[in-house]
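A quick write-up on the structure given underneath.
Every chain is numbered from 1 and lettered A, B, ... according to where its sequence line falls, protein lines coming before strand lines. Please read all numbers here as calculations on a predicted model, not as lab measurements.
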Protein chains: 2
Amino acid sequence: MPQIRLKDVANILGLSNSTVSKALNDSFEISDETKRKVQHTARLLNYTPNQVAVNLRKKHTKTIGVIIPTMVHHFFSKIIDGIIERAEKDGYLVIILQSNESISLEKKQVNLLIDKRVDGILISLSNETNEFVHLKKILSRNIPLILFDKIEPSIACSKVKIDDFEAAYSSVVFLIKKGYKKIAHFRGDFNPKNSVDRFNGYKQALLDNNIDFDPSLVFLCDNNSDFEDGYSNAKKLISDKIKVDAIFAITDLIAIGAIKYLKEQQIKVPEEIAVFGFSNWFMSSVISPTLSTVDQPAYKMGKVSMEILLDEIRTLKENKTVTHKEITLPTKLVIRNSC
Amino acid sequence: MPQIRLKDVANILGLSNSTVSKALNDSFEISDETKRKVQHTARLLNYTPNQVAVNLRKKHTKTIGVIIPTMVHHFFSKIIDGIIERAEKDGYLVIILQSNESISLEKKQVNLLIDKRVDGILISLSNETNEFVHLKKILSRNIPLILFDKIEPSIACSKVKIDDFEAAYSSVVFLIKKGYKKIAHFRGDFNPKNSVDRFNGYKQALLDNNIDFDPSLVFLCDNNSDFEDGYSNAKKLISDKIKVDAIFAITDLIAIGAIKYLKEQQIKVPEEIAVFGFSNWFMSSVISPTLSTVDQPAYKMGKVSMEILLDEIRTLKENKTVTHKEITLPTKLVIRNSC
DNA sequence: TTGTATGCGTTATCAA
DNA sequence: TTGATAACGCATACAA
């Protein structure tokens, strides 16, 4: 059977379109009597409004768009979880797009979302993203935009993130206080701000504790496969006979890769080399030794981002001016057996 | 600046709406000269058609809806990855909804999607789903529906799945051929067909090899936390002094949980107890011992499902009759060190 | 080759 | 309390 329209239920009841519409929307102009009648037969006919017509008329779509580097990553899938759950509560649907760490794809996705007339956009920037016209385009269209996790400070929009510098700093300080002195860093790519911040946190912690920063102790992880990166860098570290007593990895998976190699080489973790991760991915409590790491509140990040977006959409509709927020979610060290 | 409309560029050029529309859509009716002009100023003005108006007019939305039990699961996020990538190629956007393993939520999500007038729906059923009016509603609305992974045979729509029975059967046969005789099974819930199929595969493998099926060797995992389930069932198995030489787990994470407990108890895997998983989750090659398991083609499942959906949407639009497909994706045993 | 008119399914304004 | 009418932004049948 074809979709039944407003007009159909109007015809059946011998009423006009507009009365039926108003009745369905519970308008005060309509008598209880007809409201009841209309709602009854609407239900009977299984009528539900065509949202795309509603959207055209009301000039909103009740859908928001999300762009992330990749779906297949525990951290991001948890963020998405938070986003979707929060959006649903307010009746918003969410469209998810991946940039695959490519800026050109990211731009394309932005255009898709704009054309789709989403009511708001949430983005975690790709590692490649180093220019921002596409973000400015969103802003110039007056579409609320929230940047989360991988953000760009210079863009005038709300942001939700963690303090990567601080988290890295206190992790390394923790290692130092525990007595580790030669601490390697398995760092990430040079572009995303997070990676740089964590590196700086590592460096500063060293400096503040009178340990010289030694560039030969930092290893770059840029193969887009964290586990492999951790594994191969640990290998390099060992075969080059670089003396360290701890590794601060930028990611749990990198840490796990490193541990895997160390264990294969009969190098005891943490007795000979301690390892510290970042994210508190579920697996970090499962592997052995269990991994000390920084807890990163992914679900909450998604939820809070969505909350702010919803808020901006609302104030925009009321024609008030929106003031951008910059939220820094707290992280915490979770200390287990790898250090 | 406000969104610029078709009408705006028409006005500027002193042309009618329809010529502009046709020019933009590269219609043969329009002279190359005006096409050029129109397309030029359209680009200049940064004009892009309002998709919701287009949707209303063309009676499709170029978006498809997906309902899965949960996003935060490696298997599902890979499926979603496959779905999104394939959809994008044909210019479709995808809305993702979670059922959280609740049938009532699943029903709600279906309604949302129908009202949204998505062009097609992809569902992996929740564990709770034991009646199917909501699916029939989709079908009666003539919206193409594909069931994947967690399917229901009785619904007249295309399905893509793996052969859970076969995969379980050959896993257990493999264990038997290797000499294991007392094989426990850590099974899943009673409802989703997969879980039952795998259980039956396990049982049949035993029977076909003259090993008595012993109900006291099967353990139920139903806490919605696979790792914990595996851990606690291994614990139960050991503390009840049930003699087994192998465990066939319905999930990699359950297997990993079991291994974790066994290792804690200094029980050697696989020497004292072998463990076999299911899914070939990335971590199964990382833990030690590396886990033997069934490779389940998640990305491909998403891609193929989307492909079939696209196909059905197309043939529906051409007013041809669609014939439902039932695809069984091949799995394969990947043997590592846990057995 | 271009323009006019109509409709997609609603909501909202105004008149009855 | 109800109904006629216009409008949302675009595409298309038909007329010019």
For this session: Look at the rings of B:F75 and B:H73 and say which category their plane angle falls in: under 30° parallel, 30 to 60° tilted, over 60° perpendicular.
Result: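 Correct class here is perpendicular.
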
For this session: Using a 4.0 Å heavy-atom cut-off across all strands, classify A:L6 as base, sugar-phosphate, or nothing.
Result: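 Counting heavy atoms under 4.0 Å across all strands, the contact made by A:L6 includes a base.
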
For this session: Please work out if A:S31 contacts a base, only the sugar-phosphate, or nothing of the nucleic acid, heavy-atom cut-off 4.0 Å.
Result: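 Sugar-phosphate, no base atom in range.
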
Problem set entry | Shortest non-hydrogen contact from B:I67 toward B:S99 |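 Answer, listing the atom of B:I67 first, then B:S99: CG2-CB, 4.2 Å.
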
Exercise. Between A:I155 and A:F132, which heavy-atom pair has the shortest distance, and what is it?
Worked result: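 Looking at all heavy atoms of both residues, the closest pair is CD1-CB, 3.6 Å.
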
Exercise. Below 4.5 Å, heavy atoms only, C-beta onward: do B:L97 and A:L93 meet side chain to side chain?
Worked result: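 In short, these two side chains touch, coming nearer than 4.5 Å.
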
Problem set entry | Sub-4.5 Å side-chain heavy-atom contact between B:I103 and B:K108 |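 B:I103 vs B:K108: side chains apart.
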
For this session: Can you sort out the partners of B:E101 under salt bridge (charged side-chain N to carboxylate O under 4.0 Å, His left out), two or more places apart, ordered by chain and number?
Result: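 Scan of B:E101 (salt bridge (charged side-chain N to carboxylate O under 4.0 Å, His left out), adjacent residues dropped) gives B:K150.
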
Exercise. Does B:F148 have any ring-ring contact (aromatic ring centres under 6.0 Å, His included) partners at least two apart in sequence or in another chain, and if so, which?
Worked result: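 ring-ring contact (aromatic ring centres under 6.0 Å, His included) list for B:F148, sorted by chain: empty.
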
Exercise. Contacts to DNA chain C from residues 19-27 of chain B, heavy-atom cutoff under 4.0 Å, which residues?
Worked result: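 Within residues 19-27 of chain B, the residues near DNA chain C are B:T19, B:K22.
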
Measure from [atom1] on [X] to [atom2] on [N] and round the result to the nearest Å.
X: B:L13; N: C:dT2; atom1: CG; atom2: C1'; value: 13 Å
X: B:E29; N: C:dT4; atom1: CD; atom2: C1'; value: 14 Å
X: B:N11; N: C:dG3; atom1: CG; atom2: P; value: 12 Å
X: A:L56; N: C:dA12; atom1: CG; atom2: P; value: 13 Å
X: A:N55; N: C:dC8; atom1: CG; atom2: P; value: 18 Å
X: A:N50; N: C:dG7; atom1: CG; atom2: P; value: 18 Å
X: A:Q3; N: C:dT10; atom1: CD; atom2: C1'; value: 14 Å

Exercise. Would you find a donor on one side and an acceptor on the other, under 3.5 Å apart, between the side chain of B:T61 and the backbone of B:R117?
Worked result: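 Yes.
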
Exercise. Which pairs pass side chain to side chain donor-acceptor pair (under 3.5 Å) with one or both residues in residues 300-309 of chain B, sequence neighbours excluded?
Worked result: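 Checked against side chain to side chain donor-acceptor pair (under 3.5 Å) - neighbours excluded - the pairs reaching residues 300-309 of chain B are B:R86-B:E307.
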
Exercise. For DNA chain D, what dot-bracket results from Watson-Crick or G-U pairs at under 3.5 Å, with [ ] for crossers and | for inter-strand partners?
Worked result: ||||||||||||||||

Exercise. What residue among B:E106, B:Q109, B:K107 forms side chain to side chain donor-acceptor pair (under 3.5 Å) with B:H134?
Worked result: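 For B:H134, the side chain to side chain donor-acceptor pair (under 3.5 Å) test succeeds with only one of B:E106, B:Q109, B:K107, which is B:E106.
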
Exercise. Quick one: on DNA chain D, does B:V52 or A:K35 contact a more 5' nucleotide (nearest heavy atom)?
Worked result: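 Nearest nucleotide further toward 5': that of A:K35.
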
Exercise. Is a donor-acceptor pair below 3.5 Å formed from side chain B:T34 to base C:dT1, judging by atom type as modelled?
Worked result: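 In this structure, the two groups form no donor-acceptor pair.
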
For this session: Using chain A heavy atoms and a threshold of under 4.0 Å, write down where along DNA chain D the contacts begin and end, 5' to 3'.
Result: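 Span of nucleotides near chain A: D:dT1 to D:dG9.
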
Exercise. To the nearest 0.5 Å, how far apart are CD1 in B:I95 and CD1 in A:I95?
Worked result: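 Between B:I95 CD1 and A:I95 CD1, I get 5.0 Å after rounding to 0.5 Å.
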
Exercise. Quick one: on DNA chain C, does B:K58 or A:S18 contact a more 5' nucleotide (nearest heavy atom)?
Worked result: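 With B:K58 and A:S18 compared, the 5'-side residue is B:K58.
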
For this session: Report the residue (B:R57 or B:G14) whose heavy-atom-nearest nucleotide on DNA chain C is the more 5′ of the two.
Result: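 Per heavy-atom nearest nucleotide, the more 5' residue is B:G14.
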
Exercise. Any chance the side chains of B:S158 and B:E312 put a donor and an acceptor closer than 3.5 Å?
Worked result: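 Side chains of B:S158 and B:E312: pair found under 3.5 Å.
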
